[in-house]
Amino acid sequence: MSGKRDRTITNEDPYHPEEGLKEPAICDGCGALYRNRRWQLDAQAAEVESANPEVSRVSCPACQKIAEKYPEGVVTLRGAYLWEHEEEIRNILRNEESRAMSQNPLQRIMRMEREGDELIIETTEQKLAERLGKVLHRAHQGALSVTWSDDHRLCRVGWERLL
Ligand SMILES: [Zn+2]
């Protein structure tokens, strides 16, 4: 467990240091551009800004969480139905990630791996975990559960379908 999660109990996300962030800034990891107080994935705009001598080179909050293995959402999928429809389900999740990223590039799947009989998906933001669970539930029914940690730092989503 990361010490960051235990340090203080506030609703502040430790990975949103935007207050001190100079604009424009470009993430060295993913190329996201920080401008007008928001992150965006716009390759053309980022290329134009990279010629700007004032641009800051940083690591965006999503890339920091991925580097430090600090998920804010964990989705656990299980049940025989999952493995019979694994490819389709993985595609649904990846498509939903793309939709989420087009709205907010900091919402990403940081890991999607089979562990024993479960498929574990870790996300950089809580909302994305909830969103993945809901889209899967809409498309494939099953049983969905969403729980938040007491400090609202971590969202755990469970989904199961046997037949
Ligand atoms: Zn980044």
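- Connection of L136 to I120 is not established within any shared hydrophobic cluster, with ILVMFWY side chains joined at heavy-atom distances below 4.5 Å, either directly or through further cluster members.
- The main-chain N or O of G133 is never found under 3.5 Å from a side-chain atom of H137 such that the two would form a donor-acceptor pair.
- Side-chain contact between R108 and C63 is present, with heavy atoms from C-beta onward closer than 4.5 Å.
- Of all the heavy atoms in R57 and S50, the pair that sits closest is NH2-CB, 3.3 Å.
- Looking at heavy atoms from C-beta onward, L93 lies in side-chain contact with L77 at the 4.5 angstrom threshold.
- Both L144 and W148 are members of a single hydrophobic cluster when ILVMFWY side chains are connected at heavy-atom separations under 4.5 Å.
- In D117, the CG atom is not crowded: 12 or fewer heavy atoms of neighbouring residues, nucleotides or ligands sit closer than 6.0 Å.
- Both L128 and I89 are part of a single hydrophobic cluster, where members link through side-chain heavy atoms under 4.5 Å apart.
- Using a 4.5 Å cut-off on side-chain heavy atoms (C-beta onward), I121 and W159 make no contact.
- V75 and W83 end up in the same hydrophobic cluster when Ile, Leu, Val, Met, Phe, Trp and Tyr side chains are linked at under 4.5 Å.
- Here CD of Q126 is found 7.5 Å from CG of L154. Values are rounded to the nearest 0.5 Å.
- Inter-residue side-chain proximity for S149 and R156 is flagged as unmet; no heavy-atom pair is nearer than 4.5 Å.
- The shortest side-chain heavy-atom distance between R161 and H85 does not fall under the 4.5 Å cut-off.
- Across all their heavy atoms, L162 and G79 have their closest contact at CD2-CA, 4.1 Å.
- Interatomic distance, T76 OG1 to E160 CD, rounded to the nearest 0.5 Å: 11.0 Å.
- The two residues Q141 and R138 come nearest to each other via the heavy atoms NE2-O, 3.6 Å.
- Distance check, rounded to the nearest 0.5 Å: OG of S56 to NZ of K22 gives 4.5 Å.
- Heavy atoms only, all atoms of each residue included: A139 and I92 are closest at CB-CD1, 3.9 Å.
- At least one side-chain heavy atom of L132 sits under 4.5 Å from a side-chain heavy atom of I109.
- With a 6.0 Å radius and a threshold of 12 heavy atoms from other residues, nucleotides or ligands, E47 has its CD atom at or below the threshold.
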Set out, in order, the CA-CA distance, both residues' side-chain angles and the distance that settles side chain to side chain contact (heavy atoms under 4.5 Å, CB included) for H140 and E88, then state yes or no. CA-CA 10 Å; H140 289 277; E88 193 185 340; 3.3 Å; yes
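- Using a distance-only test at 3.5 Å, with no hydrogens or angles considered, a donor-acceptor pair links the side chain of R114 to the main chain of G116.
- Atom OH of residue Y34 and atom CD of residue Q40 lie 11.0 Å apart, to the nearest 0.5 angstrom.
- Here CG of N91 is found 13.0 Å from CD of E96. Values are rounded to the nearest 0.5 Å.
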Given the rule in the side chain to side chain contact (heavy atoms under 4.5 Å, CB included) test, do M110 and T124 qualify, once you have shown the distances and angles that lead to the verdict? CA-CA 6 Å; M110 49 199 283; T124 54; 4.0 Å; yes
Would you check, one step at a time, whether the test salt bridge (Lys or Arg N to Asp or Glu O under 4.0 Å) holds for K127 with E125? CA-CA 6 Å; K127 273 189 203 137; E125 301 215 348; 6.0 Å; no
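- We find the CD-CZ distance between Q107 and R131 to be 6.0 Å, quoted to the nearest 0.5 Å.
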Could you check R90 against L119 for side chain to side chain contact (heavy atoms under 4.5 Å, CB included), going step by step and ending with a plain yes or no? CA-CA 10 Å; R90 281 180 184 259; L119 184 65; 3.4 Å; yes
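- A 4.5 Å side-chain heavy-atom check between T123 and E97 finds every atom pair outside the cut-off.
- When all heavy atoms of S59 and Q64 are compared, the closest pair comes out as O-NE2, 2.7 Å.
- V146 and L82 fall within the same hydrophobic cluster, where Ile, Leu, Val, Met, Phe, Trp and Tyr residues are linked whenever their side-chain heavy atoms come under 4.5 Å apart, directly or through other members.
- A donor-acceptor pair is defined here as one N or O able to donate and one able to accept, closer than 3.5 Å; such a pair exists between the side chain of E23 and the backbone of R37.
- In the displayed structure, Q103 atom CD is contacted under 6.0 Å by more than 12 heavy atoms of other residues, nucleotides or ligands.
- The closest side-chain heavy-atom distance from C60 to C30 is below 4.5 Å.
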